[in-house]
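Letters A, B, ... mirror the listed sequences (proteins, then strands); counts begin at 1.
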Amino acid sequence: MKDKLGRMVRRALESALASGQLRPVQVLPSIGLETPKTPAHGDYSTNIAMAMASHQKRRPQDIARIIIDHMGDADHLLSKTEVAGPGFINFFIAQDQWYEVLRTVHDQNKAYGTSERGQGQRVQVEFVSANPTGPLHVGHGRCAAVGDTLAAVLKAAGYEVEKEYYVNDSGRQILTLGRSVFLRYRQLLGDPVAFPMDAYQGDYIKDLARMLVDREGKRLLEIPEEEATGLCATFAADEILAGIREDLETFGVSFDRWFSEQSLYDSGTVQATIQDLRYRDLVYDHEGAVWFRTNKFGDEKDRVVVRGNGLTTYFASDIAYHKDKLERRFDRIIDIWGADHHGYVPRISASIQAMGHDRQTCEFILVQLVNLLRGGKPVAMSTRAGEFVTLRQVIDEVGRDAARFLFLLRHYDSPLDFDLELAKKQSNENPVYYLQYVHARISNILKKAEERGYKNRGWHEGFPELINLPEEIHLIKLMARYPEVVAQSARLMEPHRIPFYLKELAGAFHAYYHDRSSHQVVSDDAGLSAARLFLVSAVRMIIRNGLALMGVSAPEIM
RNA sequence: GGGCGAUUAGCUCAGCGGAUAGAGCACAAGCCUCCGGAGCUUGGUGUCGCCGGUUCGAUUCCGGCAUCGCCCUCCA
């Protein structure tokens, strides 16, 4: 609808320019169509006349009038066009055109809302990527929900999307993990060895040690400590990673690829990358360490890639990792991180640029922290002491649907208060049920309709023009906006726009549904019933499609 | 001290440079002979943190200031 109108305005503008009634322009201005807040301002409006006013040296109202005079409307899309306010052109869509929206929704069904704006460009979305040194916690859950939904939204917008999890299965934190497990292992076997503060404190370390005792007995005490620690590290990391995969699967998040950091060392990519940088004089030696000239590319200072002790930093493998990503020829690379990593952005951007790519190729989404509450009171969390509420616990307590939905109900820029009690409430304070309820309700209506002899097929044979109440047209207008919402969500990389839109649609439906005196869907009037079934089943499709983008189920009964 | 983000109704938050800034919660009063009350209807609030700038037009963009959060290791 909007696209169609946009093309009409463009043609009118071109025609007006060709006629000489408007001064020639270097480039055709882009035509912004928006949905006015007030219905009195039409279904769509454009500010094009005001935008051109200064260049044209004429009153916006005059320009608007000229454009309108050049507009053709062969399809009778519009019922009224007017110039209003300081120079807006307001368009009123003819009522019968809205029925087309219902047909489109039904014809496209699960594809309704998708678009081609991505033109098949390849996008990689990397998210979660938590170290395999402990279970996922709520913060990772938010990143998982945001990343998975963004990927789905981008896919719906015509991008080819790959989801990836970067596994930090190398480096010091893995050694610490191995050491922690080995110490717990020794303790379990009666060795009263001290457990230091810098080891991982969580109870899951003890569980892993217990598994090792069951599996290996005392064997690890009889081999060199370094070897034993290494075995513990590999064992623990594998177990924890398996747990992470399982948790994410339960959360409905799947990845196309799990990329191992260690593989970058095994293949020599890290060393090769540093060599390459050295060859191009992008790294230098200083005080025994090797530094990357990130400062030359916008970072506040240079960064160490090889420490004085000869070990590479996390940053070193991350450069190699991003080099690998770049070589995989994605058109866009999106990294989703917790906001506490924001200081890392400039150095990654710097390294992208240093490797000869446009720094814009890699985009970053920084997801703010999650404050976990229970009944309004903060839940104590300390990773250091190993006390945190895991994603698994949250899913078990409030359910996957509520968790995913609530994680998406804030712009990722804002810190999120996640209240466990609220998430469990089946009331109007908890919006996820509000949406699912619409789906269940309409499902029930359709079921009742079938029982009364209205066959599914028959709805299409109804007369949509019987749908003509203002509330009904309002619902259709909302439905017409859905593809724009998805496209916008993709363009701005803002998944939260989906649940906000769906809440609005759900509210409009509930209001419609409740006025039974004039809106009874299934009645004795067969034609009207068929038409209204056509309307509400379209609502159901959109609710289902939107929830699907968020990874939230659309139940038929609740 | 430096960086990033935020600041909109009592609370939690939406808001694509546009016209009279919205929603949910909370509070109050109503609504089931009915296709599911996990619902609906009706009530009213705002110096859009402050000061400048750009613009025909700024809650929106830019700069400064204030406040809050996070970060600032040869940690990951």
(request) Count the heavy atoms belonging to other residues, nucleotides or ligands that lie under 6.0 Å from CG of A/Asp524, then report whether that count exceeds 12. (result) no

Taking atom [atom2] of [N] as reference, at what distance in whole Å does atom [atom1] of [X] sit?
X        : N     : atom1 : atom2 : result
A/Lys37  : B/G17 : NZ    : C1'   : 11 Å
A/Phe509 : B/U41 : CZ    : P     : 13 Å
A/Asp515 : B/U42 : CG    : P     : 11 Å
A/His519 : B/G39 : NE2   : P     : 20 Å
A/Asp419 : B/A26 : CG    : P     : 13 Å
A/His496 : B/G24 : NE2   : P     : 17 Å
A/Phe91  : B/A19 : CZ    : P     : 17 Å
A/His439 : B/G39 : NE2   : P     : 18 Å

I'd like a list of close polar pairs between nucleotides 27-31 of chain B and the protein, N/O only, cut-off under 3.5 Å.
none

Is [X] touching bases, backbone alone, or none of the nucleic acid, heavy atoms closer than 4.0 Å?
X        : answer
A/Arg452 : nothing
A/Phe500 : sugar-phosphate
A/Glu34  : sugar-phosphate
A/Arg441 : sugar-phosphate
A/Asn90  : base
A/His41  : base
A/Ile557 : base

(request) List in numerical order all residues of residues 42-62 of chain A for which some heavy atom is under 4.0 Å away from an atom belonging to RNA chain B. (result) A/Ser45, A/Asn47, A/Met50

(request) Let me know, please, whether A/Lys503 or A/Arg481 comes out on the 5' side of the other along RNA chain B by nearest nucleotide. (result) A/Arg481

(request) Let me know, please, whether A/Val522 or A/Pro346 comes out on the 5' side of the other along RNA chain B by nearest nucleotide. (result) A/Pro346

(request) Identify whether a stacking contact exists between A/Phe88 and B/A19, where the ring centres must be under 5.5 Å apart and the planes under 30° apart. (result) yes

Quantified in whole Å, what is the [atom1] atom distance between nucleotide [N] and nucleotide [M]?
N     : M     : atom1 : result
B/G57 : B/G64 : C1'   : 23 Å
B/G10 : B/U20 : P     : 23 Å
B/A19 : B/U59 : C1'   : 15 Å
B/A23 : B/U41 : P     : 11 Å
B/U67 : B/G49 : C1'   : 8 Å
B/G1  : B/U47 : C1'   : 33 Å
B/C48 : B/A58 : C1'   : 11 Å
B/C11 : B/G44 : C1'   : 16 Å

Is there a donor-acceptor contact under 3.5 Å linking the side chains of [X] and [Y]?
X        : Y        : result
A/Glu556 : A/His439 : no
A/Asp169 : A/Gln262 : no
A/Thr133 : A/Gln173 : no
A/Ser45  : A/Asn47  : no
A/His286 : A/Asp302 : no
A/Glu126 : A/Tyr165 : no
A/Thr313 : A/Arg307 : no

Nearest-nucleotide pick for [X], side chain only, options being [options]:
X        : options             : result
A/Gln488 : B/G5, B/A19, B/C16  : B/C16
A/Tyr513 : B/G36, B/C34, B/A6  : B/G36
A/Pro86  : B/C35, B/G15, B/G18 : B/G18
A/Asp417 : B/G36, B/A19, B/U12 : B/U12
A/Ala84  : B/A38, B/G36, B/A19 : B/A19

Determine: side-chain N/O of [X] to OP1/OP2 of [N], distance under 4.0 Å, yes or no.
X        : N     : value
A/Asn444 : B/G36 : yes
A/Tyr437 : B/C35 : no
A/Lys447 : B/C35 : no
A/Arg497 : B/G15 : yes

Could you measure the distance from the [atom1] atom of [X] to the [atom2] atom of [Y]? Nearest 0.5 Å is fine.
X        : Y        : atom1 : atom2 : answer
A/Phe534 : A/Leu466 : CZ    : CG    : 12.0 Å
A/Ile93  : A/Thr81  : CD1   : OG1   : 8.5 Å
A/Tyr284 : A/Arg278 : OH    : CZ    : 11.5 Å
A/Asp340 : A/Gln368 : CG    : CD    : 9.0 Å

Now, which nucleotide makes the Watson-Crick or G-U wobble pair with [N], with each of the two distances under 3.5 Å?
N     : answer
B/G1  : B/C72
B/A58 : none
B/C16 : none
B/C27 : B/G43
B/U67 : B/A6

(request) Could you tell me whether a side-chain N or O of A/Gln201 sits under 3.5 Å from a main-chain N or O of A/Met197, the two making a donor and an acceptor? (result) yes

(request) Decide if the gap between the ring center of A/Tyr434 and the ring center of A/His510 is smaller than 6.0 angstrom. (result) yes

(request) May I ask you to check whether A/Tyr501 and A/Tyr482 place their ring centers less than 6.0 Å from one another? (result) yes

(request) Would you mind building the protein contact string for nucleotides 69-76 of chain B? One character per nucleotide, 5' to 3', B for base within reach (heavy atoms under 4.0 Å), S for sugar-phosphate only, - for untouched. (result) -BS--BSB

(request) Assign B/C13 to syn or anti; the rule is syn for a glycosidic angle within 90° of 0 and anti otherwise. (result) anti

(message) Evaluate A/Ser443 against A/Arg540 for side-chain hydrogen bond (donor to acceptor under 3.5 Å, both in side chains), listing each step before the verdict.
(response) CA-CA 8 Å; A/Ser443 298; A/Arg540 187 174 77 141; 2.9 Å; yes

